[in-house]
Amino acid sequence: ALEALLACCHAHASDEFVLECFGVAADAAMLHIAQKRSAELHAAALRLLPELARARPDEFVELRLEHSLRLLAEAARDTRARTPGLPQRAEAFATQAAVLELLGRERLAPHTTSVVLPRLMPTLRDALGKGAKSKLFCAEALLGLGALAVVGGAELRGAIEPLLPAVLMG
């Protein structure tokens, strides 16, 4: 069912169907991200989340942002989870970046320091803080850090700056 919703989002992003099914699809995606019962469902849910943010960005920010970022942070923290060919952790970081980029700086501005930063920085610190030689390092976390820098701008400089030496020195 998640794959069907994902296909509908790709084919008809502005269709009434996608708009009408937003709540059900968001609930299903978040449930499967949280439960992790099936690697395939988890991966499909991670792919669906950015499409939902694209389809209804204002509603996503208003009703789903905090919960989805919490779930994505939890998925990014799980160093044991794997999907076929791609660690779920890496996919969670890539999804974080995609959601932030789709929602953009203007839409996220009221939530940057109260929701976005507290939800995402701990896992970004874990994944990047000790450089590429750390067993917790995840290259896809760089996508999340870059997206966070774009949506947060100079306001987040103090939070992001401590990660740069480890990231740049590798």
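All heavy atoms count here, side chains included; hydrogens, waters and symmetry mates do not. This one's a predicted model, so the numbers in the text were calculated from it and none came from an experiment.
- Side chains of L49 and L72 form a contact here, defined as non-hydrogen atoms less than 4.5 Å apart.
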May I have the step-by-step check of salt bridge (Lys or Arg N to Asp or Glu O under 4.0 Å) for E74 and R70, ending in yes or no?
CA-CA 6 Å; E74 289 171 7; R70 183 180 57 77; 2.9 Å; yes
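- When the side-chain hydrogen bond (donor to acceptor under 3.5 Å, both in side chains) test is applied to Q35, no partner is found at least two apart in sequence or on another chain.
- Not a single donor-acceptor pair under 3.5 Å links the side chain of R119 to the backbone N or O of L69.
- Side-chain contact check for L143 versus Q96: every heavy-atom pair is 4.5 Å or farther apart.
- Annotation for L124 and L145: closest pair CD2-N, 3.9 Å, computed over non-hydrogen atoms.
- Of the possible donor and acceptor atoms, none in the side chain of R107 sits under 3.5 Å from a partner among the backbone N and O of L100.
- R64 and H67 form no side-chain donor-acceptor contact under 3.5 Å, judged by distance and modelled atom types alone.
- Placement of L142 and F93 within a single hydrophobic cluster is found when ILVMFWY residues are connected by side-chain heavy-atom separations under 4.5 Å, directly or transitively.
- When all heavy atoms are compared, the tightest approach of E91 to A43 is OE2-O, 3.2 Å.
- Scanning for side-chain hydrogen bond (donor to acceptor under 3.5 Å, both in side chains) contacts around E62 gives an empty result, with sequence neighbours left out.
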Under 3.5 Å, side-chain donor or acceptor atoms of residues 146-162 against the rest of the protein: list the pairs with distances, not counting sequence neighbours.
{"unit_1": "R157", "atom_1": "NE", "unit_2": "E161", "atom_2": "OE2", "d": "2.7"}
{"unit_1": "R157", "atom_1": "NH2", "unit_2": "E161", "atom_2": "OE2", "d": "3.1"}

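- Note on R54 versus E51: salt bridge recorded, some NZ/NE/NH1/NH2 to OD/OE distance being below 4.0 Å.
- In this structure, H32 contributes its side chain and H42 its backbone to no donor-acceptor pair below 3.5 Å.
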